[in-house]
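Notes follow the structure.
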Amino acid sequence: MDGAFTAAFGLIASGDAALMQIIGLSLRVTLTAVAIASLIGLPLGAGLALARFPGRGAVIVLFNALMGLPPVVAGLLVYLMLSRSGPLGGLALLFTPTAMIVAQTILILPIVVSLTRSVVEDLWAEYRDQLRSLGASRLRAVPTLLWDGRVSLLTGILAGFGRASAEVGAVLIVGGNIAGHTRTMTTAITLETARGSLSLAVALGIILMGLTLALNAVAWGAGQWARGRLG
Amino acid sequence: MRSLRDIHTAILPLRLEGAGYRVGGAQLLSDITLNIAPGRRLVILGPNGAGKSLLLRLCHGLIEPTSGSRVWASGEARAEAQAMVFQRPVLLRRSVAANLDYPLSLRGVPRAERRETVTSTLRRFGLEHLADRPARLLSGGEQQRLAVARARAMAPQVLFLDEPTSALDPSATRIIESMIEGFSAEGIAIVMTTHDLGQARRLAQDVAFLHRGRLIEHRPANMFFSGPKAPETRAFLAGELIW
Ligand SMILES: Nc1ncnc2c1ncn2[C@@H]1O[C@H](COP(=O)(O)OP(=O)(O)OP(=O)(O)O)[C@@H](O)[C@H]1O
Ligand SMILES: [Mg+2]
């Protein structure tokens with residue numbers, strides 16, 4: 001055990017190339033997925049908060065339920081879509097980082113949509129009369145509400161980032177854990193542990209923990225700062 | 001792009017004709033016929049729950065009458081040249097200056113003109129030193145002053161105010177009252193509610209008295225306070241009408 005930790009710190013300290021490559025790919029995949037999910041989820045969630053249409057309740061329940069979607073199921077869905085015999089098989093995206101980004105976007109999107117909906121709905125209840133009085137249409141209110149809810153929304157986006165960077169099921173199924181190509185921190189930990197080579201697994205585990213800690217520190221700090229600064 | 005100066009078609013008088021408002025089986029406003037004339041200061045009085053805030057919201061166009069009608073002289077469904085200061089105004093989570101800019105940008109006022117209006121409004125309302133401060137962190141009195149300033153920046157022909165000084169100390173109250181008098185001198189019609197009878201006497205040219213969603217009286221202020229009265233009015237002014 002001690003040996004594994006010593007070797008792990010050695011890998012981190014020396015900036016081992018394979019290790020750095022894995023970290024880089026993980027961050028690239030997850031951050032891209034977070035960006036895409038936010039781009040789609042923020043307006044979608046806000047629209048869902050303000051729009052009234054038949055079946056709205058069902059859509060809300062669906063997105064809430066999808067927040068608990070097991071990553072392996074998301075992976076399986078994307079696998080079925082992208083596999084050679086699937087509807088999008090022609091794109092040859094299976095076992096590429098792009099496929100992993102798609103799968104993680106599917107995991108993050110419900111979190112961003114549901115949280116945005118609830119934040120914007122609460123704000124809208126408080127702001128509706130005032131914004132209408134100032135001359136804002138429902139559509140024009142959307143960016144205003146997103147901006148005024150920015151602190152809470154950031155927390156939700158960070159939660160999405162946390163979920164995606166911690167999951168292994170989806171990226172393993174659609175990425176295939178190919179060394180140097182689709183191997184991420186979580187898939188590498190799974191593989192290396194199974195093979196009994198613990199030092200890389202422990203090094204990646206430490207980095208993942210550190211990342212999570214840093215993320216939460218940033219989220220908390222941003223919240224504190226905003227409360228003091230924005231009211 | 002439109003300029004604030006383009007908004008000069010007369011929207012007053014505003015006429016409510018037999019207007020009523022009903023939700024969930026409760027008749028909250030009944031058969032209100034009321035004329036809001038240009039340039040006058042109208043104070044709406046009545047006990048808690050009489051429907052004063054609802055009446056303001058109905059006039060302002062935030063709710064629609066469920067019976068009767070609301071007619072602007074300009075023929076618009078909802079006139080643009082109006083503004084309202086709410087009982088609890090909502091300020092946006094941005095700077096004081098940005099709060100003033102917001103309604104102007106909604107109207108598509110060109111940037112240069114907006115900057116001019118924001119600067120002159122800040123100066124007029126003594127908010128210059130607070131321009132870059134987050135609006136939500138201002139004191140209650142400063143927030144109210146900003147809400148009044150924001151409403152004025154919208155160049156309204158009629159300004160609705162719902163208990164604009166109910167949470168303020170006497171000196172802040174005096175400041176808001178003198179602002180209201182200033183607007184009135186500029187020709188802006190004022191429609192406001194208050195529970196402060198002293199304030200009503202100081203500011204009202206006309207009084208509308210509401211009780212349980214009905215308009216009991218609407219007459220010049222001196223006649224309301226000193227002339228013969230409806231029994232509800234007498235009880236209200238004597239402090240005996242609870243609701
Ligand atoms: N959306 C609503 N649904 C049901 N009842 C409502 C609604 N809005 C207002 N009411 C009721 O209508 C009545 C009039 O409310 P309103 O806020 O206009 O009173 P008010 O005269 O402004 O009272 P106050 O002096 O306390 O501010 C109250 O009894 C209130 O509970
Ligand atoms: Mg009220």
Side-chain angles (χ1 to χ4, degrees), chain A residues 38 42-43 45-47 49-52 57 112 115-158 218-231, chain B residues 2 4 7 53-54 56-64 76 78-96 98-109 132-140 142-143 146-147 150-151 153-156 158-162:
Chain A
S38 302
L42 290 173
L50 266 53
R52 291 290 175 271
V112 178
L115 187 100
T116 304
R117 187 205 38 88
S118 114
V119 166
V120 170
E121 219 168 66
D122 287 352
L123 270 182
W124 182 234
E126 181 193 348
Y127 281 38
R128 177 171 35 215
D129 281 355
Q130 183 73 69
L131 289 186
R132 286 183 53 202
S133 170
L134 295 177
S137 62
R138 245 167 216 267
L139 195 62
R140 186 56 187 73
V142 166
T144 305
L145 295 168
L146 287 176
W147 182 243
D148 270 41
R150 57 198 179 274
V151 178
S152 317
L153 293 174
L154 184 67
T155 317
I157 289 169
L158 288 175
V218 168
W220 186 79
Q224 290 299 106
W225 176 83
R227 245 181 297 287
R229 179 84 188 77
L230 305 171
Chain B
R2 322 214 336 252
L4 278 181
I7 307 174
S53 298
L54 278 179
L56 283 190
R57 285 153 48 83
L58 184 92
C59 290
H60 190 43
L62 296 175
I63 55 177
E64 295 302 313
E76 296 162 280
R78 182 169 190 281
E80 196 168 297
Q82 49 168 331
M84 176 153 170
V85 175
F86 290 86
Q87 203 161 347
R88 262 161 292 158
V90 174
L91 300 175
L92 302 176
R93 289 185 171 80
R94 49 188 89 185
S95 72
V96 167
N99 267 276
L100 292 175
D101 183 73
Y102 181 78
L104 306 179
S105 78
L106 285 183
R107 281 186 183 169
V109 178
D132 297 320
R133 291 262 295 277
R136 292 273 188 147
L137 298 183
L138 300 182
S139 78
E142 289 164 343
Q143 292 202 13
L146 174 55
R150 179 174 62 182
M154 294 173 72
V158 56
L159 176 59
F160 300 97
L161 303 106
D162 197 355

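Please read all numbers here as calculations on a predicted model, not as lab measurements.
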Please report the C-alpha distance between B:Met84 and B:Leu56 in whole Å, then the side-chain angles of each, then the deciding distance to 0.1 Å, and finally whether the side-chain contact (heavy atoms from CB on, under 4.5 Å) criterion is met. CA-CA 9 Å; B:Met84 176 153 170; B:Leu56 283 190; 4.1 Å; yes

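- Side chain to side chain, B:Asp132 and B:Ser95 fail the donor-acceptor criterion of an N or O pair below 3.5 Å.
- For B:Leu138, no part lies under 4.5 angstrom from a heavy atom of chain A.
- Side chains of A:Thr144 and B:Tyr102: a donor on one and an acceptor on the other come within 3.5 Å.
- Interface remark: A:Leu123 contributes side-chain atoms only to the contact with chain B (heavy atom separation under 4.5 Å).
- For chain A, the option among B:Arg78, B:Arg133, B:Gln82 with the highest count of heavy-atom pairs below 4.5 Å is B:Arg78.
- Annotation for A:Val119 and A:Ser152: closest pair CG2-CB, 3.8 Å, computed over non-hydrogen atoms.
- Interface remark: B:Leu92 contributes backbone and side-chain atoms alike to the contact with chain A (heavy atom separation under 4.5 Å).
- There is no contact between A:Arg128 and chain B, counting heavy-atom distances below 4.5 Å.
- Using modelled atom types, no side-chain atom of B:Arg136 and backbone atom of B:Arg94 make a donor-acceptor pair closer than 3.5 Å.
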